[in-house]
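Here's the structure, in structure tokens; my notes come after.
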Amino acid sequence: MDIQNALKELCAQYAPSGFEQPAAKTAAKFLAPLVDEVTIDTLGNVIGLRRCGKAGARTLLLDAHIDEVGLIVTGIEDGFLRFRSLGGIDPRILVDRELMILTDPPIFGVVSCLPPHVQKSGDSDHAQPMDQLSIDIGMSQESAEKTVPIGTPIVFRQECYPLGENEFCGKSLDDRSCFVTLLRAAELLKDRELDVDLCILGSVCEEVGGRGAQTAAFSTSPDWCVAVDVTFGQTPGLSSEECSCKVHKGPVVGIGPVIPHWMSDRLKEKAAESEIPYQTEIMAGGTGTNGDDFQTAREGISTAVLSLPLKYMHTPIEVIGLDDVEQTARLLAAFTENLGKEAKFPC
């Protein structure tokens, strides 16, 4: 598969938390040739299943969420839109930001700002709170009220494109880059014999609480999960203690008390056997991913966390390494092969 084209098409979809339908349709299209069946469930999760054909086979679930952070319209004043966030967005990045308001059809908007000439002393030293910002859509109050219903979602307008020699930049790479990684892993496994049923999940609503993962844990009933999400990639201003993971250094294996040790060990062992570079991240409590929801669903599901390093998280200019996508996919494929006979019990 062409990883860059898949990233461009999937990330181009305007699909914030709770409004994932465009991303779900695109994800299902890419997934269909790689599995036996694809469904989109009640909440909007995309679920692909590849059966291994062996009686009594257990199920491995690979998950990446397909929603993106965004905003939602809460009111209109003098033709300007008021809003709140869908997921964690830093107000500092919003001033003068280009946005798409997801009416039918979508319309362009820009977050309003004060020119430096009219700012008061000290205004430029701090960020404006989100409830003091507004979005200019170039309309009167009457036109805006007719065009933009309260509750309309909003996303960053940014497109995705190559950055430098081997990086990729744009919106919603958290976490659609990881879903593309799952697609690539499924492609690598397509002609290989498996001893587990493989379920690939594009989950919804992760940025607002993981509801997609919570429900999919019941409908797919897996024996094991690997939650694949992004983690913080090192950038200027971050110390190695705050963030030890680097872009271009390979996938990141989560290690901690809530992650079964045998699963973390297996990821590291398979990486070493396949000469895949990898990093580790200590997760001393919760993982901050869908893994937390899978681990406590039903009677509990053994769940590992594998991460893709990403710079500038929850902005419209997120950056990943294309080589990390390939290496992460290779590690997922290696983890999956022979899992049925090599998994350790009890889990």
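Just so it is clear, the structure is predicted and the values come from calculations on it, not from any experiment.
Atom CD of Glu20 sits about 6.0 Å away from atom CD1 of Ile66, to the nearest 0.5 Å. Atoms CE and CG, on Met313 and Leu173 in that order, are 11.0 Å from each other to the nearest 0.5 Å. To the nearest 0.5 angstrom, Leu267 atom CG is 7.5 Å from Leu332 atom CG. With values rounded to the nearest 0.5 angstrom, Leu86 atom CG is found 8.5 Å from Ile154 atom CD1. Annotation: the span from Phe294 atom CZ to Ser203 atom OG amounts to 6.0 Å, rounded to 0.5 Å. Here Met263 contributes atom CE and Phe335 contributes atom CZ; the two are 4.0 Å apart, rounded to the nearest 0.5 Å.
Of the possible polar contacts, none joining the Asp63 side chain to the Ala213 backbone as a donor-acceptor pair under 3.5 Å is found. Side-chain atoms of Glu318 come within 3.5 Å of backbone N or O of Asp174 as a donor-acceptor pair. Although no hydrogens or angles enter the test, the distance criterion places a donor-acceptor pair under 3.5 Å between the side chain of Ser140 and the main chain of Ser143. Checking side-chain atoms of Asp195 against main-chain N and O of Gly340 turns up a donor-acceptor pair under 3.5 Å. At distances below 3.5 Å, at least one donor-acceptor pair connects side-chain atoms of Asp223 with backbone N or O atoms of Thr59. At least one donor-acceptor pair under 3.5 Å links the side chain of Thr303 to the backbone N or O of Ile301. A donor-acceptor pair is defined here as one N or O able to donate and one able to accept, closer than 3.5 Å; such a pair exists between the side chain of Thr328 and the backbone of Asp324. Side-chain atoms of Ser307 do not come within 3.5 Å of backbone N or O of Val230 as any donor-acceptor pair. Panel note: side chain Arg50, backbone Leu189; a donor-acceptor pair is recorded below 3.5 Å. Although no hydrogens or angles enter the test, the distance criterion places a donor-acceptor pair under 3.5 Å between the side chain of Asp197 and the main chain of Cys52.
A 4.5 Å side-chain heavy-atom check between Val247 and Ile320 finds every atom pair outside the cut-off. At least one side-chain heavy atom of Leu10 sits less than 4.5 Å from a side-chain heavy atom of Val180. Glu98 places none of its side-chain heavy atoms less than 4.5 Å from the side chain of Phe156. Inter-residue side-chain proximity for Ile276 and Pro251 is flagged as met; some heavy-atom pair is nearer than 4.5 Å. In this structure, Leu34 and Leu183 have side chains that are in contact, with non-hydrogen atoms separated by less than 4.5 Å. Looking only at side-chain heavy atoms (C-beta outward), Leu7 and Leu322 come within less than 4.5 Å of each other. Looking at Leu133 and Val95, their side chains come closer than 4.5 Å, going by heavy atoms from C-beta outward. Two residues are said to be in side-chain contact when any heavy atoms from C-beta on lie closer than 4.5 Å; Val204 and Arg211 fail this criterion.
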Task: Val226 and Leu61: CA distance, side-chain angles, deciding distance, side-chain contact (heavy atoms from CB on, under 4.5 Å) verdict - done: CA-CA 6 Å; Val226 181; Leu61 172 67; over 6 Å; no
TODO: Report the C-alpha distance between Ile135 and Val110 in whole Å, list the side-chain angles of each, state the deciding distance to 0.1 Å, and finish with yes or no for side-chain contact (heavy atoms from CB on, under 4.5 Å).
DONE: CA-CA 5 Å; Ile135 300 170; Val110 62; 6.0 Å; no
Open item on the list: If you apply the rule side-chain contact (heavy atoms from CB on, under 4.5 Å), what do you find for Cys245 with Phe232, and how did you get there?
Closed with: CA-CA 7 Å; Cys245 304; Phe232 305 110; over 6 Å; no
Open item on the list: Could you walk me through whether Ser85 and Val69 satisfy the side-chain contact (heavy atoms from CB on, under 4.5 Å) test, starting with their C-alpha distance in whole Å, then the side-chain angles of each, then the deciding distance to 0.1 Å, before giving a yes or no?
Closed with: CA-CA 8 Å; Ser85 65; Val69 293; over 6 Å; no
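Grouped with Leu188 in a hydrophobic cluster is no other residue, since no side-chain heavy-atom contact under 4.5 Å to another Ile, Leu, Val, Met, Phe, Trp or Tyr is found. Applying the 4.5 Å side-chain rule to ILVMFWY residues, one finds Leu163, Tyr312 in the same cluster as Val319. Under a 4.5 Å side-chain heavy-atom criterion applied to ILVMFWY residues, the cluster that includes Met283 comprises Val258, Ile259, Val305 as well.
One hydrophobic cluster, built from ILVMFWY side chains closer than 4.5 Å, holds both Leu31 and Val325. The hydrophobic cluster containing Leu339 does not contain Leu49, counting ILVMFWY residues as joined when their side-chain heavy atoms lie under 4.5 angstrom apart, directly or transitively. Cluster membership check: Ile107 shares its hydrophobic cluster with Leu99, using side-chain heavy-atom separations under 4.5 Å among Ile, Leu, Val, Met, Phe, Trp and Tyr. When hydrophobic clusters are built by joining Ile, Leu, Val, Met, Phe, Trp and Tyr residues whose side-chain heavy atoms come closer than 4.5 Å, directly or via intermediates, Leu62 is grouped together with Phe30. Note: the hydrophobic cluster containing Val228 also contains Met1 (ILVMFWY, side chain heavy atoms under 4.5 Å, direct or indirect links).
The minimum heavy-atom distance between Ala23 and Ala15, with the atom names listed, is CB-CB, 3.6 Å. The two atoms that bring Ser264 and Val253 nearest to each other are O-CG1, 3.8 Å, heavy atoms only. Closest of all the heavy-atom pairs between Glu159 and Tyr161 is O-CE2, 3.5 Å. Considering all non-hydrogen atoms of both residues, Gly48 and Val35 come closest at CA-CG2, 4.1 Å. Minimum heavy-atom separation, Gly70 to Ile89: O-CD1, 3.3 Å. Across all non-hydrogen atoms, the minimal contact from Pro257 to Ala284 is CG-O, 3.2 Å.
Judged as a side chain to side chain donor-acceptor pair (under 3.5 Å), the pairs with a partner in residues 271-283 (not counting sequence neighbours) are, in order, Thr231-Glu281. Sorted by first and then second residue, the side chain to side chain donor-acceptor pair (under 3.5 Å) pairs involving residues 67-78 (not counting sequence neighbours) are Ser17-Asp67, His65-Asp67, Glu68-Lys171, Glu68-Arg176, Glu77-Arg82.
Counting heavy-atom neighbours within 6.0 Å of Arg92 CZ, excluding the residue itself, gives a total of 12 or less. Residue Gln132 places its CD atom among more than 12 non-hydrogen atoms of other residues, nucleotides or ligands, all under 6.0 Å distant. A 6.0 Å sphere centred on CD of Glu342 holds more than 12 heavy atoms belonging to other residues, nucleotides or ligands. Atom NZ of Lys25 is surrounded by 12 or fewer heavy atoms from other residues, nucleotides or ligands within 6.0 Å.
There is a side-chain donor-acceptor pair under 3.5 Å between Gln327 and Arg330. The closest side-chain donor-acceptor pair between Asp136 and Ser112, if any, does not fall under 3.5 angstrom.
The pair Lys29-Glu9 meets the salt-bridge criterion, with a side-chain N (NZ, NE, NH1 or NH2) lying under 4.0 Å from an Asp/Glu carboxylate O. The pair Arg184-Glu187 counts as a salt bridge, with a side-chain nitrogen and a carboxylate oxygen less than 4.0 angstrom apart. A salt bridge does not link Glu337 to Lys270: none of the charged nitrogens lies less than 4.0 Å from a carboxylate oxygen.
Checked against side-chain hydrogen bond (donor to acceptor under 3.5 Å, both in side chains), Thr287 has the following partners two or more places apart in sequence or in another chain: Thr289, Asp292.
Residue Phe83 is tested with Leu94, Thr152, Ile101 for a side-chain contact (heavy atoms from CB on, under 4.5 Å); the sole match is Leu94.
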